Peer 1: 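Right, I'll just put the structure down here and ask away after.
The shown structure was predicted, so the numbers you read here are calculated from the model rather than taken from an experiment. Note on naming: letters A, B, ... go to the chains in the order of the sequence lines (proteins, then strands), and numbering restarts at 1 for each one.
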Amino acid sequence: MRWLLIKDLQILRRSPLIVALLIVYPVALGVLIGFALSADNSKPRVAFLNEIPETEQLQIGSGGSGEIDPAQAREQLCSRVECVDVDSRAEAEQKVTDGDVIAALILPPDLLDKLRSLASLNPQEPKVEVLVNQDDPVKASLVDDRIQALITEANLLLSQRISDEAANYLDLLIKGGEFSLPVVGSFDVLGLQQAGRILHAVGGQLPRGSPAREAVARVTRFADLARQNLDFALPLLGAVAEPISVDKQVVAGNTSELDTFAIAVAAAVTLMFVTVLLVAGSLALEREENAFARITRGLVGTTGLLVEKLLLGIVASIAVTLLLLAALTPLVSIDWGRAPLILAAIVVGGAAFAAFGAAIGALTREVRASSLLAFMISLPIAFLSLVPSGTVSGGVFDVIRVVRALFPFDPALDALQGALDSAGPDVVTALVHLLAVAVAYAVISRVALRRFA
Amino acid sequence: MSGHERDGAAAIEARGLSKSFDGRAALRDVSFTARAGELLAVIGPNGAGKTTLLSILAGIRGADAGTLSVPGEVGWVPQGAALYRRLTVAENLRLFARLERVADVEGGVERMLEQARLAERRDDQVATLSGGNQQRVNIAIGLLSEPAVLLLDEPSTGLDPRQRARLWEFVLDLAGAGTTVIYSTHHLHEAERYGSRLLVLADGERVFDGTSAELHAAVGGGEHDFESAFVAFLRERGH
């Protein structure tokens with residue numbers, strides 16, 4: 001059997017174009033997918049043009065805490081996007097047109113004046129300008145979502161500051177303290193707590209039956225009631241600033257890092273194309289070369305030949321997938337401490353893909369037909385395996401899950417993901433699934449080989 | 001039993017071979033014996049069962065009924081070159097020598113390169129060889145295990161007249177050295193010229209076993225050429 005394996009490797013060595021296609025194409029495909037998925041989509045680049053004069057400050061209310069530090073505000077706004085500072089509107093437009101950034105956010109010079117006017121008798125609507133390049137529907141949708149999120153972030157920042165300032169006023173009203181106004185100057189505010197205590201003391205000093213005693217008691221009760229209700233108002237103000245907060249709990253699925261998922265997808269795609277195409281083509285080649293009957297005529301046997309092809313697939317899987325992971329190592333973080341698990345995922349995944357390829361090769365019996373069929377089946381299966389739950393109806397997703405389970409891509413993706421990251425899917429379950437798939441396709445291949453000669 | 005089966009030691013003996021595919025009989029009770037050094041041509045119309053008979057003799061297919069006795073090794077050369085075109089001549093020979101478990105692999109390769117007169121082309125990829133040379137490599141592989149019986153399925157198909165002549169020169173040398181050669185062919189003149197005996201199959205049955213002269217005589221001899229005699233023979237027997 002090893003001589004057949006050596007023979008296949010010799011044939012591969014003599015076919016540089018096929019070797020190049022088998023290695024370069026899937027590796028390039030895998031790396032591209034890896035880049036596409038691992039690109040930091042959570043922080044898209046947005047050009048940021050601030051036309052507000054540097055000397056201007058935004059003060060919400062009269063207290064010191066109401067002042068918004070522009071640098072801090074910018075930092076907060078840019079926590080969700082990568083802000084790219086530009087110096088002019090023309091530069092912002094150019095960056096958007098060139099695709100350097102998904103959008104440009106322009107803060108006009110009068111933005112702070114209009115924001116301040118919100119607290120006046122003549123409020124004006126503050127506006128920011130957004131430049132976008134919606135050259136395709138997917139990008140348009142992405143830009144809309146990101147910009148909306150950015151504006152929501154800005155509005156939230158302002159509303160939090162306004163709520164904080166309102167809470168300070170309420171606190172002053174309840175507890176009392178010093179308050180200053182620009183023209184009037186500083187003065188002392190008594191506060192409802194202190195007022196209640198004074199009224200209570202005054203009421204205690206009035207003679208019993210005095211009409212004033214009852215009036216003071218009523219004012220005292222009112223002061224207590226007002227203080228208690230205003231105490232409730234403080235958390236309400238906080239709630240108004242951010243009415244809904246999120247408490248995310250994972251009830252299903254093991255989620256690894258996006259980078260790990262991207263690596264797993266790249267590796268699984270590479271593994272699939274190289275192994276399926278190689279094994280399907282190699283088996284079909286035995287028939288095209290008219291050598292199948294000669295080899296299996298008691299020399300190696302049909303099962304022996306099938307096992308040799310599976311070994312060829314596994315050898316190719318290990319070589320190409322490790323090559324891909326090595327190529328990705330400078331770009332993304334790979335935990336090589338988990339190498340044994342990674343190797344196990346590659347070997348068992350390779351065996352399953354090889355068995356699948358053998359079934360295609362045995363059924364088609366021609367190299368070109370097997371390559372075509374391998375592409376036609378593998379590509380849609382890979383795409384189906386990447387469809388997230390919830391994006392299609394329940395019934396359709398159930399069908400997709402069944403289809404996924406019948407082919408090696410989905411369990412191979414799970415196995416690779418779990419091998420690369422402990423937070424990923426369970427590796428053992430995925431490996432068992434892969435072994436079952438491998439055995440099933442090996443049986444199909446063996447049956448199909450009966451009419452192969 | 002024909003007179004030809006009585007002379008010399010049998011290199012291969014088939015008795016009552018039958019084979020059906022999906023209920024259709026491809027071979028019906030075919031019996032024959034071939035002696036050492038004999039050149040047995042298997043001829044017949046399309047669908048007569050020639051390839052089925054050779055594949056049963058080669059052990060590729062099992063017979064549904066009948067017995068086959070082969071004291072020695074059987075080499076098989078399938079129709080069309082069964083070679084790896086990306087490998088060199090020597091690599092092909094070496095691969096099949098190892099698969100055949102030839103004791104002295106390199107010795108066997110050298111012997112076959114000499115016998116097939118391909119020593120100078122040993123390092124050439126098979127894809128670069130002419131059809132005739134490819135067929136010689138194809139036959140050389142069948143001879144690696146030094147078989148007592150060599151089965152050739154349509155060996156001259158696709159070869160030009162000069163390549164065919166060289167091929168038959170090679171095959172005659174083999175028979176001269178004592179190898180029993182059983183070959184199927186559509187070229188009746190090859191059967192008449194090179195076959196020391198003819199086995200005629202029609203609709204899966206053996207309808208004739210003898211020399212070309214005996215087949216001539218069976219249809220009255222005289223002015224018939226061999227092809228005419230063959231056609232007349234089949235027509236007389238309802239085929």
Peer 1: Check this for me, if you would: do B:Arg86 and A:Glu289 make a salt bridge, where the nitrogen-to-carboxylate-oxygen distance has to be below 4.0 angstrom?
Peer 2: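 The answer is no: the pair does not qualify as a salt bridge.
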Peer 1: Need one label for B:Asn138: side chain, backbone, both or neither, based on atoms under 4.5 Å from any heavy atom in chain A.
Peer 2: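 Contact with chain A involves both backbone and side-chain atoms of B:Asn138.
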Peer 1: Do any pairs count as a side-chain hydrogen bond (donor to acceptor under 3.5 Å, both in side chains) and have a residue in residues 299-314 of chain A, sequence neighbours left out, and if so which ones?
Peer 2: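 Of all non-adjacent pairs touching residues 299-314 of chain A, those that pass side-chain hydrogen bond (donor to acceptor under 3.5 Å, both in side chains) are A:Asp8-A:Lys309, A:Ser282-A:Lys309, A:Glu286-A:Lys309, A:Thr303-A:Arg446.
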Peer 1: Could you tell me which portion of B:Val126 (side chain, backbone, both or neither) has an atom closer than 4.5 angstrom to a non-hydrogen atom of chain A?
Peer 2: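 Neither part.
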Peer 1: Where on B:Ser145 is there a heavy atom nearer than 4.5 Å to chain A: the side chain, the backbone, both, or neither?
Peer 2: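 No part of it gets close to chain A.
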Peer 1: For the candidates A:Asn290, A:Leu4, A:Ile6, which exhibits the highest count of non-hydrogen atom pairs separated by less than 4.5 Å from chain B?
Peer 2: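 Among the listed options, the one with the most contacts to chain B is A:Asn290.
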Peer 1: Hey, which of A:Leu310, A:Leu283, A:Leu449 is the one that makes side-chain contact (heavy atoms from CB on, under 4.5 Å) with A:Leu305?
Peer 2: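 With A:Leu305 as partner, A:Leu310, A:Leu283, A:Leu449 yield a single side-chain contact (heavy atoms from CB on, under 4.5 Å), made by A:Leu283.
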Peer 1: Could you tell me which portion of B:Gln125 (side chain, backbone, both or neither) has an atom closer than 4.5 angstrom to a non-hydrogen atom of chain A?
Peer 2: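 Just its side chain gets close to chain A.
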Peer 1: Quick check on B:Ala58 against chain A: is it the side chain, the backbone, both or neither that has a heavy atom closer than 4.5 Å?
Peer 2: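 Contact with chain A is through both the backbone and side chain of B:Ala58.
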Peer 1: Side chain, backbone, both or neither: which part of B:Leu87 has a non-hydrogen atom closer than 4.5 Å to chain A?
Peer 2: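 Contact with chain A is through both the backbone and side chain of B:Leu87.
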Peer 1: Between B:Glu13 and B:Arg15 (salt bridge meaning N to carboxylate O under 4.0 Å), is one present in this structure?
Peer 2: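 Judged by the 4.0 Å cut-off on N to carboxylate O distance, B:Glu13 and B:Arg15 do form a salt bridge.
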Peer 1: Any pair with a residue in residues 159-170 of chain B that passes salt bridge (Lys or Arg N to Asp or Glu O under 4.0 Å), sequence neighbours left out, goes on the list, sorted by first then second residue, please.
Peer 2: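 Pairs touching residues 159-170 of chain B that pass the test: B:Arg117-B:Glu169, B:Arg164-B:Glu190.
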Peer 1: Please confirm whether the backbone N or O of B:Gly195 pairs with a side-chain atom of B:Tyr183, one donor and one acceptor, at under 3.5 Å?
Peer 2: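 Answer holds: yes.
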